[in-house]
Number of protein chains: 2
Amino acid sequence: MEQTLEHARGGALAAALHRAGYKLTNPRLAVLYVLEGGMCHASPQEVYAAGCAVYPTLGLATVYRTLDILTELGLARPSYLGDAAQRFTLHHDHHHYHLVCDACGLITDVDEEALGSVTDEIAGRLGFRARGHYLEIYGVCQRCQSSN
Amino acid sequence: MEQTLEHARGGALAAALHRAGYKLTNPRLAVLYVLEGGMCHASPQEVYAAGCAVYPTLGLATVYRTLDILTELGLARPSYLGDAAQRFTLHHDHHHYHLVCDACGLITDVDEEALGSVTDEIAGRLGFRARGHYLEIYGVCQRCQSSN
DNA sequence: GTCCTAACTGAGAACTATTTTCAAGTAGGG
DNA sequence: CCCTACTTGAAAATAGTTCTCAGTTAGGAC
């Protein structure tokens with residue numbers, strides 16, 4: 001268990017937090033570990049549940065606080081994938097976005113460099129300095145189309 | 001007042017509700033009137049406040065219920081513009097999206113046909129039947145850039 | 001290594017937003 | 001005009017998020 005937290009300490013998120021002057025505490029490392037471990041569209045509640053497996057005394061308030069810090073540092077961002085729950089998505093260097101199926105709730109990640117240049121161009125034309133974008137396409141996924 | 005409600009009755013939203021078998025009651029017409037009157041990025045609370053001006057006994061629960069109906073019919077959609085509040089956006093025929101300023105909260109609507117064809121093409125390639133998309137570009141608007 | 005202090009923590013209270021419940025009211029087909 | 005299923009507003013219930021606070025801890029100074 002301690003080992004997993006130490007592992008998170010070496011990650012990119014931990015480095016960014018440290019650089020910004022935040023302490024690398026075990027609760028925070030547990031949250032970072034969960035996020036970096038592939039739980040990339042997690043609600044605070046889900047992060048909390050997964051984090052407790054790594055660091056049992058983790059508190060829900062700390063999860064919210066850590067996600068706030070990541071948002072403030074521009075490393076994550078709240079997103080809202082179809083359902084009402086607030087979710088957080090880690091930022092990546094590449095442009096990526098979501099296909100959300102209205103029928104089964106499946107979320108598919110897609111990388112598309114082309115889209116990034118389109119949005120950057122539009123923003124630039126309007127004098128807007130873009131920091132990032134969030135795109136969600138909703139509809140019906142391939143599997144749900146065939147099962148109807 | 002009654003006149004404004006009658007005006008809403010003639011709108012596209014009212015027609016769609018009627019077609020779907022929903023009754024055109026005064027509370028619903030008040031909500032539709034507010035939405036069609038340009039309050040296009042409104043939170044339920046804001047719709048409620050504006051709706052009360054048109055139909056004073058309007059209840060908040062009815063606003064939520066009406067927005068749910070519109071969402072169910074695909075006429076509106078929850079969106080989340082930077083701040084934490086849930087907001088609803090009316091669907092339009094054209095592709096439109098939002099520039100959200102992180103500094104002042106300004107929301108700028110942009111129409112861009114080019115974007116629609118990009119997203120449709122991508123979705124099609126993946127076998128996904130797109131019903132719509134939601135794009136938000138966040139960053140700093142022109143005015144906030146100069147005032148710093 | 002140990003001390004120190006500002007930063008951080010968990011638990012639960014408080015707060016806010018949303019949904020549900022229910023008795024009373026109403027649209028609109030017959 | 002009547003009837004009935006649908007709709008309503010108010011209040012209670014629920015769910016999600018933030019705040020408060022006394023105790024704990026990271027990590028720089030020595």
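Every heavy atom of this structure was used, including side-chain atoms; hydrogens, water molecules and symmetry mates were not. Order of the sequence lines fixes the chain letters, A, B, ..., with proteins taken first and strands second; residue numbering starts at 1 for each chain.
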Of all the nucleotides listed ([options]), which has the minimum atom distance to the side chain of [X]?
| X | options | value |
| --- | --- | --- |
| B:Gln45 | D:dA5, C:dC8, C:dT18 | C:dT18 |
| B:Pro27 | D:dG9, C:dA27, D:dT7 | D:dG9 |
| B:Tyr64 | C:dT19, D:dC6, D:dG27 | C:dT19 |
| B:Thr62 | C:dA6, D:dT8, C:dT9 | D:dT8 |

Can you check the [X] [atom1] to [N] [atom2] distance for me, whole Å?
| X | N | atom1 | atom2 | answer |
| --- | --- | --- | --- | --- |
| A:Leu24 | D:dT25 | CG | C1' | 13 Å |
| A:Lys23 | C:dT9 | NZ | C1' | 11 Å |
| A:Leu29 | C:dC8 | CG | P | 13 Å |
| A:Ile69 | C:dC8 | CD1 | P | 6 Å |
| B:Leu5 | D:dT7 | CG | C1' | 16 Å |
| A:Leu67 | D:dT17 | CG | P | 10 Å |
| B:Leu58 | C:dG25 | CG | P | 18 Å |
| B:Leu60 | D:dT7 | CG | P | 18 Å |

Please name the pair of heavy atoms, one in A:Tyr22 and one in A:Ile69, separated by the smallest distance, quoted to 0.1 Å.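 The answer is CE1-CG2, 3.6 Å.
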Which heavy atom in B:Leu60 sits nearest to a heavy atom in B:Gln45, and how many Å separate them?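 Heavy atoms of B:Leu60 and B:Gln45 come nearest at CD2-OE1, 4.0 Å.
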May I ask you to verify if any side-chain N or O of B:Thr25 is less than 4.0 angstrom from the OP1 or OP2 atom of D:dT8?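 Yes, such a contact exists.
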Does a side-chain N or O of A:Arg28 approach OP1 or OP2 of C:dA7 to a distance below 4.0 Å, or not?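 No.
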Sequence neighbours left out, what passes side chain to side chain donor-acceptor pair (under 3.5 Å) with B:Gln142? Give chain and number order.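 Scan of B:Gln142 (side chain to side chain donor-acceptor pair (under 3.5 Å), adjacent residues dropped) gives none.
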If you find the nucleotide of DNA chain C closest to B:Ala61 and the one closest to B:Tyr22, which residue's nucleotide is nearer the 5' end?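 Whichever sits nearer the 5' end wins; that is B:Ala61.
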Along DNA chain C (nearest heavy atom to each residue), the more 5'-positioned of B:Asp68 and A:Arg65: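 Result of the comparison: A:Arg65.
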Which distance, rounded to the nearest 0.5 Å, do you find between the CG of B:Leu67 and the OH of B:Tyr48?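 These two atoms lie 14.0 Å from each other.
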Out of curiosity, B:Arg9 CZ to B:Leu17 CG, how far, rounded to the nearest 0.5 Å?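 The distance works out to 11.5 Å.
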